[in-house]
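Everything below concerns the one structure shown next.
Remember, it's 1-based here, ligands and their atoms both numbered in the order they're listed. Hydrogens, waters and symmetry mates are skipped; everything else that's a heavy atom, side chains included, is used.
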Amino acid sequence: MARRKVDHLLIGGGLAAANCARWLREEGGEGSVLLVGREFDPPYNRPPLSKGYLQGKESREDVLFRPDEWWAEQDIELMTRTSVMKLDPAERVATLSTKDEVEFDKALIATGANVRRVRVDGCDLEGIHYLRAFGNSDAIRVDAEAAERAVLIGGSYIGCEVAASLTAAHGVKCSIVMQEDVVLSRQFGSEIGRYFQDVLEEHGVEVHGGDELERFEGSDGRVSRVVTKGGLELDCDMVVVGVGVMPDVTLARSAGLELGESGGVKCSAELESSAPGIYTAGDICEYESTIHGSRLRLEHWDVAFNHGKTAALNLLGQGVRHEVLPYFFSDLADWASFEYVGPGSGDLVVRGSLEDGNFTAFFVHEEEGHVVSALTVGRSDDLEHARRLITERTKPTPAELADEDTDLGEV
Ligand SMILES: Cc1cc2nc3c(=O)[nH]c(=O)nc-3n(C[C@H](O)[C@H](O)[C@H](O)COP(=O)(O)OP(=O)(O)OC[C@H]3O[C@@H](n4cnc5c(N)ncnc54)[C@H](O)[C@@H]3O)c2cc1C
């Protein structure tokens, strides 16, 4: 067992840790940086795994956070296929799966999230996929080449995006089975969800809402049918399950870090955990949002990216609060895409036309009347106005927001 010392130990080889490493260098940090990640691949972006990469439009190199040689050029030590097994915040020592011990001055924990699994009869059959990592997307692509029919379990981002990708790029006939009545309605309500469901259905995706998975059936060890509690029997050659993720706080919990209400690691506006000098970022980070006056934990690419930067500045002792408005994006093949700023929901006000696929959905706080979030389709210009309205807690009337003659810049 070897023992060594680094200035900055970054745990988790995902986007949050990778962008933290980048900003340590961009901000002029000269200390030693060790990034330890469990996966086979160096850090990469996950969004293309259900979109361009799954469709075969983007290559592995396109998806990587940085080219392979970049890490050495930046003098960042990258250890892939290695887990941090134990973290002692008081002694400031981490134990790796290689049995080596690493003493650190400051650390980042960005261990991301794991997919929720369904435990029903037949769940171990071949051809049932989950989607989180490069290898999952590769396996789905291989199956899609031979498949005629796929069933997607879950009507959230993964279910919708994968249905669109498999239909558009692989010619697979897709059916979505979900508990909610309308896709994406848990995120944006039924009216906005209906817009996206119409887009999917217009392109041939079948949507079965208000139902639930009962079991999988198979032949020769491979899935061949999905049976629902509502009595549907859907023949298929493959299944992709997208029923959410859970923050991976195994290491943080065993290290004694305080956890928050959403199951993430509770931390300050500076992203510092309950252990001084240990920061968190990305999907596990439940931080105090000064913009919203509440604690937030969001599983968004952009949040992980920006957390990584804030954490880097604070590892360098700058003491900055994380004050970036959360942003999310999604594509359904080339059929529709949206951008979303701010967390939370509220009363819906639509500006523009759902029918024409050109609108901004504002969500307004039910009691206090300020704009809390906004989703745009085909109207990126509204996004900047929405950012300002949310940050300034502006209280326009619903009529002002909806009226296309109102200049949002003047509100
Ligand atoms: C298919 C897919 C599509 C998505 N599309 C979108 C999108 O369109 N828009 C959007 O905003 N967001 C999207 N997301 C979400 C976004 O990718 C995540 O929010 C983001 O990747 C989170 O980054 P992270 O660094 O916090 O965690 P992760 O990317 O999960 O990285 C954490 C890493 O830490 C590793 N790890 C865990 N424990 C240890 C340990 N003890 N030691 C070492 N390593 C460890 C894990 O193996 C993992 O590699 C998508 C996600 C997926 C899976």
Going by the atom numbers of ligand 1, which of them fall below 4.0 Å from some non-hydrogen atom of I158? 1 (C), 2 (C)
Think R117 forms a cation-pi with Y130, using NZ or CZ under 6.0 Å from the six-ring centre and within 45 degrees of its axis? yes
For A304, which part has a heavy atom under 4.0 Å from ligand 1: side chain, backbone, both, or neither? side chain
My understanding is that we take every heavy atom of each candidate and find the minimum distance to atom 5 (N) of ligand 1. Doing that for K51, E161, R46, which one comes out nearest? K51
Strictly under 4.0 Å, does any heavy atom of T82 approach an atom of ligand 1? yes
Counting heavy atoms under 4.0 Å, the part of A113 that contacts ligand 1 is backbone
Does ligand 1 have an atom that lies less than 4.0 angstrom from a heavy atom of H307? no
Can a cation-pi geometry be assigned to R194 and F188, taking NZ or CZ under 6.0 Å from the six-membered ring centre and within 45° of the ring axis? no
Are E384 and R388 within salt-bridge range, i.e. N to O under 4.0 Å? no
If you measure from each non-hydrogen atom of V303 to ligand 1, which part falls under 4.0 Å: side chain, backbone, both or neither? neither
Within the structure, does L15 bring an N/O atom to less than 3.5 angstrom of an N/O atom in ligand 1? yes
List the closest protein heavy-atom neighbour of atom 12 (N) of ligand 1: residue, atom name, distance to the nearest 0.1 Å. W301 N, 3.1 Å
Protein residue, atom and distance nearest to atom 34 (O) of ligand 1, heavy-atom basis: G12 CA, 3.2 Å
Report yes if A16 has an N/O atom closer than 3.5 Å to an N/O atom of ligand 1; otherwise report no. yes
For ligand 1, which atoms have a heavy atom of H300 less than 4.0 angstrom away? 11 (O), 12 (N), 19 (O)
Looking only at protein heavy atoms, which one is nearest to atom 13 (C) of ligand 1, and what is the separation? P47 CG, 3.8 Å
D41 and R60 ion-paired at < 4.0 Å: yes
Subset of ligand 1 atoms that lie under 4.0 Å from at least one heavy atom of S83: 42 (N), 43 (C)
Heteroatom distance test (R38, ligand 1): nitrogen or oxygen, under 3.5 angstrom: yes
Checking the N or O distance criterion of under 3.5 Å, is ligand 1 in contact with F329? yes
For S32, does its backbone N or O pair with a side-chain atom of D7 as donor and acceptor, under 3.5 Å? yes
Using 4.0 Å as the upper bound for N to carboxylate O, is an ion pair formed by R46 and E39? yes
Taking only non-hydrogen atoms of L131 and a 4.0 Å limit, the atoms of ligand 1 in range are 1 (C), 53 (C)
Is the contact between Y157 and ligand 1 made by the side chain, the backbone, both, or neither, using heavy atoms and a 4.0 Å cut-off? neither
May I ask you to check whether F134 and Y44 place their ring centres under 6.0 Å from each other? yes
Should one rank L96, I109, V84, L49 by closest heavy-atom distance to atom 42 (N) of ligand 1, which comes out on top? V84
From the list Y327, F305, F328, ring-ring contact (aromatic ring centres under 6.0 Å, His included) with H300 holds only for F328
Shortest non-hydrogen contact from Q187 to S156? NE2-OG, 2.8 Å
Specify the protein heavy atom at minimum distance from atom 31 (O) of ligand 1: its residue, its atom name, and the distance to 0.1 Å. G14 CA, 3.3 Å
For ligand 1, note which part of M85 has a heavy atom under 4.0 Å away: side chain, backbone, both or neither. neither
For atom 15 (C) of ligand 1, what's the nearest protein heavy-atom neighbour? Residue, atom name and distance, please. E299 O, 3.8 Å
For residues 162-173, the side-chain hydrogen bond (donor to acceptor under 3.5 Å, both in side chains) pairs (sequence neighbours left out) are Q55-S165
Once rounded to the nearest 0.5 Å, what's the spacing between atom NE2 of H365 and atom OG of S345? 9.5 Å
Could you tell me whether D334 and K57 make a salt bridge, using a distance below 4.0 angstrom between a side-chain N and a carboxylate O? yes
Contacting atoms of ligand 1, where contact means under 4.0 angstrom from a heavy atom of V36: 43 (C), 44 (N)
Check: E39 N/O within less than 3.5 Å of ligand 1 N/O: yes
Testing the 3.5 Å rule here: is there a donor-acceptor pair between the side chains of E206 and H208? yes
Please state which protein non-hydrogen atom is closest to atom 27 (O) of ligand 1 and give its distance, to 0.1 Å? G112 CA, 3.2 Å
Is the shortest side-chain N to carboxylate O distance from R3 to E101 below 4.0 Å? yes
Option nearest atom 38 (N) of ligand 1 (shortest heavy-atom distance, choices N114, T111, N136): T111
Determine the interplanar angle of the F329 and W301 rings, folded into 0 to 90°, and report it as parallel if under 30°, tilted if 30 to 60°, perpendicular if over 60°. perpendicular
Looking only at protein heavy atoms, which one is nearest to atom 10 (C) of ligand 1, and what is the separation? F328 CE1, 3.2 Å
Evaluate D283 for polar contact with ligand 1, using N/O atom pairs at a separation under 3.5 Å. yes
Has ligand 1 got any nitrogen or oxygen that is less than 3.5 angstrom from a nitrogen or oxygen of S50? no
When you check the side-chain N and O atoms of S353 and N358, is any donor under 3.5 Å from an acceptor? no
Can a salt bridge be assigned to the pair R132 and D283 using a cut-off of 4.0 Å between side-chain N and carboxylate O? yes
Just jot down the ligand 1 atoms closer than 4.0 angstrom to any heavy atom of G282, in number order. 26 (O)
Answer with yes or no whether the side chains of D382 and T360 bring together a donor and an acceptor at under 3.5 Å. yes
For atom 30 (O) of ligand 1, what's the nearest protein heavy-atom neighbour? Residue, atom name and distance, please. R132 NH2, 2.7 Å
